[in-house]
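Everything below concerns the one structure shown next.
Counting starts at 1 for both ligands and their atoms, in listed order. All residue numbers in this chain count up from 1 along the given sequence. Keep in mind that the numbers below use all heavy atoms, side chains included, and drop hydrogens, waters and symmetry copies.
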Amino acid sequence: MNETRRAILETLSEGPVGGPALAESLDVSRAAVWKQIDELRDAGFEIESGSDGYVLNAITEYNAAAVEYGLEAPFSVEYHDAIGNTNDRARELATDGVTDVAVLADEQTGGRGRLERTWSAPSGGVWTSLVCRPDISPMRAPLYTLAAAVATTRAAREAGVDARIKWPNDVVVPSDDESLDRPYRKLAGILTEMEGETDRVAWVVVGIGVNANIDASSLPPEATSIRAEADDVDRRVFVQRLLEEFDAQRNSLEEVADAWRDHALTIGTRVRVDRTNEAIVGTAVDITETGSLVVETDDGEQIVSAGDCEHLRRV
Ligand code: BT5
């Protein structure tokens, strides 16, 4: 956001202020203040001019300026009404050397899941990809996926949804509905991509997709949304909470595994983990400090770093 606009918003957040006083405090012309106020109004900031001066009443839009306003995490936001997918755009930015940008879209026309699967991303969801350049070894990069799962779960719980984490990267809502193939519905997914050398990560892109204000009928079977589980959310506030929580988690990576365990549905559950050549069946008992799943099988304990995990119904 342009510096004058940011300064105007900061001043307005403290109470009404007149145009001349704003111009003087920012050291710009009164015409420049009017122009910036007009542009802020176009961006969805409801600014009224009353007898005490300008007052910020509400923020109605969902866009870069709105999400950046009041955001307590060091991300700048690049917003698109529609895009192929935010991960591809974030990878371009990462390759160009930028960091701490959240690419955000209302709709994705070519959403991607893991292993070339498609991700359905209609208008109304929260589709975002975070560009990060952490100074960590590639071995610890999976912690960024765990951090995103914790952040998504906490933001969804604050929105009134009984969100839980399914290893490694799904946020689900438990369900007793026997007609479902699995005992949960998927609310959100995470797609982490990275580039680096043996001992250092160059960049990590963490793609987070949350079914927010979307009817369940517009989603794949067995998916759910914040709208279906609770009520519509103010996506601006939801994204802010998501980014702030993600930022807190990435700044204390040594505590991420514990935060993840607190919200995990997988631990203590019978699971089947499908890997390229085999399936591991047993009880998930823990995760390691780098996020691998520890499964107690008939043949002893196995540690799984990647794969598709399904929770099995109790018989
Ligand atoms: C994932 O893959 O769960 C990762 C999803 C990541 C999405 C974000 S959105 C922002 C960024 N941009 C992108 O294009 N991607 C990231 P996976 O575990 O492979 O799960 C994919 C499977 O979930 C599909 O095969 C469907 O069965 C199911 N699915 C597809 N769309 C869904 C949705 N909106 N909600 C719930 N399930 C869905």
Review point. Does ligand 1 have a heavy atom under 4.0 Å from the side chain of Leu115, from its backbone, from both, or from neither?
Key: neither
**Study point:** Option from Asp170, Thr153, Val172 for which side chain to side chain contact (heavy atoms under 4.5 Å, CB included) with Ile165 holds
**Key:** Thr153
**Study point:** Non-hydrogen atom of Ala121 closer than 4.0 Å to ligand 1
**Key:** no
Revision key, fill the gap. Out of Lys166, Arg185, Lys186, the nearest non-hydrogen contact to atom 20 (O) of ligand 1 is supplied by Lys186
Review point. Which part of Pro220 is near ligand 1, with near meaning a heavy atom under 4.0 Å away: side chain, backbone, both or neither?
Key: side chain
Exercise for review: Go through ligand 1 atom by atom and flag the ones less than 4.0 Å from a non-hydrogen atom of Thr118.
Suggested key: 24 (C), 30 (C)
Review point. CD of Glu278: more than 12 outside heavy atoms within 6.0 angstrom?
Key: yes
Review point. For ligand 1, is there an N or O atom under 3.5 Å from any N or O atom of Thr128?
Key: no
Practice item. Pick one of side chain, backbone, both or neither for how Glu222 approaches ligand 1, counting any non-hydrogen atom pair under 4.0 Å. Key: neither
Review point. Relative to the heavy atoms of Arg117, which atoms of ligand 1 are at a distance of less than 4.0 Å?
Key: 17 (P), 18 (O), 19 (O), 21 (C), 25 (O)
Exercise for review: Hey, can you tell me if Phe246 and Phe75 have their rings parallel, tilted or perpendicular (30° and 60° cut-offs)?
Suggested key: tilted
Practice item. Compute the shortest N/O to N/O distance between Thr86 and ligand 1 and return yes if it is under 3.5 Å, no if not. Key: yes
**Study point:** Enclosure of Glu296 CD (heavy-atom neighbours >12, cutoff 6.0 Å)
**Key:** yes
**Study point:** Which of the ligand 1 atoms, numbered from 1, are nearer than 4.0 Å to a heavy atom of Asn211
**Key:** 33 (C), 34 (N), 35 (N), 36 (C)
Practice item. Answer yes or no: does atom CG of Asn251 have more than 12 heavy-atom neighbours from other residues, nucleotides or ligands under 6.0 Å? Key: yes
Review point. Between the side chain of Asp274 and the main-chain N/O of Gly307, is any donor-acceptor distance below 3.5 Å?
Key: no
Exercise for review: Kindly confirm or rule out an N or O of Asp308 lying under 3.5 angstrom from an N or O of ligand 1.
Suggested key: no
Study note, to complete from the structure: Restricting to heavy atoms, the pick from Ala223, Ser225, Gly111 nearest atom 36 (C) of ligand 1 would be Ala223
Check your understanding: If you count the atoms of ligand 1 from 1 in the order shown, which ones are under 4.0 Å from a heavy atom of Ser129?
Key -> 11 (C)
Check your understanding: Should the heavy atoms of other residues, nucleotides or ligands under 6.0 Å from CD of Glu72 be counted, would the total exceed 12?
Key -> no
Review point. At a 4.0 Å cut-off, with the gap strictly under it, does some heavy atom of Thr224 reach an atom of ligand 1?
Key: no
